[in-house]
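Quick note: residue numbers are just sequence positions, from 1.
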Amino acid sequence: MQGNFKDLHYARTSVYSLQYHLIIVTKYRRGVLVGPVKQELEELLRSLASQFGMKIEEMEIMPDHVHLLVDAVPKYSISSIMKGLKGVTARMLFMHHPEIKNKLWGGHLWQPSYFAVTVSERSEEQIREYIRHQKPNPAKESKDNDQIT
């Protein structure tokens, strides 16, 4: 069995390899994840992932959504991970960057839904490439920056 999996993790009662492609989207697809907001979000996501025992393998923050490729542990469900990531990042970003509330209504940074899919060894490199090539459109990012004031 070990020959089929490149990165097995060993715990006291389990052996696992859990990778997920996660996507979270801003409310109303507003392009508020730019500049210092984007930088702080990246730091927050890395810190929170570590607290959940996850490793972020790839990350790309677009103005209106985030792609993550994570290596997770079976201790936490995807729904609890996403609830934690979305809740803490929204709270911290609103606290440190109140100007983003001007583009959002109702006090919500994220859409209530999220995307999560398991990643196999066969699809991992394809997903890594897909995330790496999710670069913001400079014209759209510039336009979105102008609207944050």
Side-chain angles (χ1 to χ4, degrees), residues 5-9 14 16-149:
F5 298 95
K6 67 175 188 168
D7 292 321
L8 290 177
H9 302 284
S14 60
Y16 60 90
S17 177
L18 300 172
Q19 287 81 36
Y20 299 101
H21 179 194
L22 306 172
I23 302 174
I24 51 178
V25 179
T26 60
K27 191 77 170 177
Y28 313 112
R29 297 285 304 209
R30 298 294 184 180
V32 297
L33 307 177
V34 293
V37 174
K38 177 180 178 177
Q39 292 172 329
E40 184 170 351
L41 177 59
E42 182 174 350
E43 293 168 11
L44 284 168
L45 288 170
R46 290 194 187 282
S47 173
L48 291 166
S50 176
Q51 290 176 30
F52 276 108
M54 297 187 315
K55 180 180 176 193
I56 296 178
E57 300 286 342
E58 296 287 338
M59 174 175 13
E60 189 62 53
I61 300 174
M62 304 295 288
D64 63 352
H65 66 282
V66 178
H67 286 269
L68 299 167
L69 175 61
V70 298
D71 189 9
V73 297
K75 182 177 180 180
Y76 302 104
S77 68
I78 290 298
S79 61
S80 64
I81 290 169
M82 294 306 283
K83 181 179 178 181
L85 293 179
K86 290 167 63 176
V88 172
T89 57
R91 197 166 41 255
M92 298 303 290
L93 291 176
F94 279 149
M95 188 177 359
H96 297 141
H97 304 278
E99 69 277 8
I100 63 177
K101 286 186 178 182
N102 295 339
K103 292 186 75 178
L104 302 164
W105 303 280
H108 299 285
L109 175 60
W110 304 112
Q111 292 280 5
S113 58
Y114 59 87
F115 173 84
V117 65
T118 56
V119 177
S120 70
E121 273 193 356
R122 290 182 185 207
S123 64
E124 181 180 355
E125 192 54 39
Q126 291 173 323
I127 292 171
R128 284 178 182 275
E129 285 300 312
Y130 176 78
I131 292 172
R132 287 179 192 143
H133 289 93
Q134 292 293 307
K135 301 296 179 197
N137 178 338
K140 181 175 178 2
E141 188 171 324
S142 174
K143 179 183 166 194
D144 288 336
N145 277 334
D146 293 342
Q147 295 176 2
I148 291 179
T149 59

Closest approach of [X] and [Y], non-hydrogen atoms and distance?
{"X": "I24", "Y": "M82", "result": "CG2-CE, 2.9 Å"}
{"X": "H108", "Y": "K27", "result": "O-CB, 3.6 Å"}
{"X": "M62", "Y": "L33", "result": "O-CB, 3.4 Å"}
{"X": "T26", "Y": "V32", "result": "CG2-CG2, 4.2 Å"}

Basic-acidic side-chain contact under 4.0 Å: E43, R46
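No, E43 and R46 are not salt-bridged.
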Determine, for E124 against R128, whether the closest basic-nitrogen to carboxylate-oxygen distance falls under 4.0 angstrom.
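Yes.
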Residue pair I81, Y20: steps toward the side chain to side chain contact (heavy atoms under 4.5 Å, CB included) verdict:
CA-CA 11 Å; I81 290 169; Y20 299 101; 5.9 Å; no
Once rounded to the nearest 0.5 Å, what's the spacing between atom [atom1] of [X] and atom [atom2] of [Y]?
{"X": "H96", "Y": "L44", "atom1": "NE2", "atom2": "CG", "value": "8.0 Å"}
{"X": "E99", "Y": "L93", "atom1": "CD", "atom2": "CG", "value": "9.5 Å"}
{"X": "M92", "Y": "H97", "atom1": "CE", "atom2": "NE2", "value": "9.5 Å"}

Hey, does E42 have a side-chain heavy atom less than 4.5 Å from the side chain of Q39?
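Answer no - side chains too far apart.
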Heavy-atom distance under 4.5 Å between the side chains of L22 and Y114, does that happen here?
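No; the side chains remain at least 4.5 Å from each other.
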With sequence neighbours left out, what residues match Y130 under side chain to side chain contact (heavy atoms under 4.5 Å, CB included)?
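Y130: side chain to side chain contact (heavy atoms under 4.5 Å, CB included) contacts with H21, H67, Q134.
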Show which side-chain atoms of residues 83-90 pair as donor or acceptor with protein atoms under 3.5 Å away, not counting sequence neighbours.
from	atom 1	to	atom 2	distance (Å)
K86	NZ	Q111	O	2.7
K86	NZ	P112	O	3.2
K86	NZ	S113	O	3.1
T89	OG1	L85	O	2.6
T89	OG1	K86	O	3.2
T89	OG1	W110	NE1	3.0

Donor-acceptor pairs are to be reported for all side-chain atoms of residues 68-76 against protein atoms at under 3.5 Å, with residues two or more places apart or in another chain.
from	atom 1	to	atom 2	distance (Å)
D71	OD1	H9	NE2	3.4
D71	OD1	Q19	NE2	3.0
D71	OD2	H9	NE2	2.7

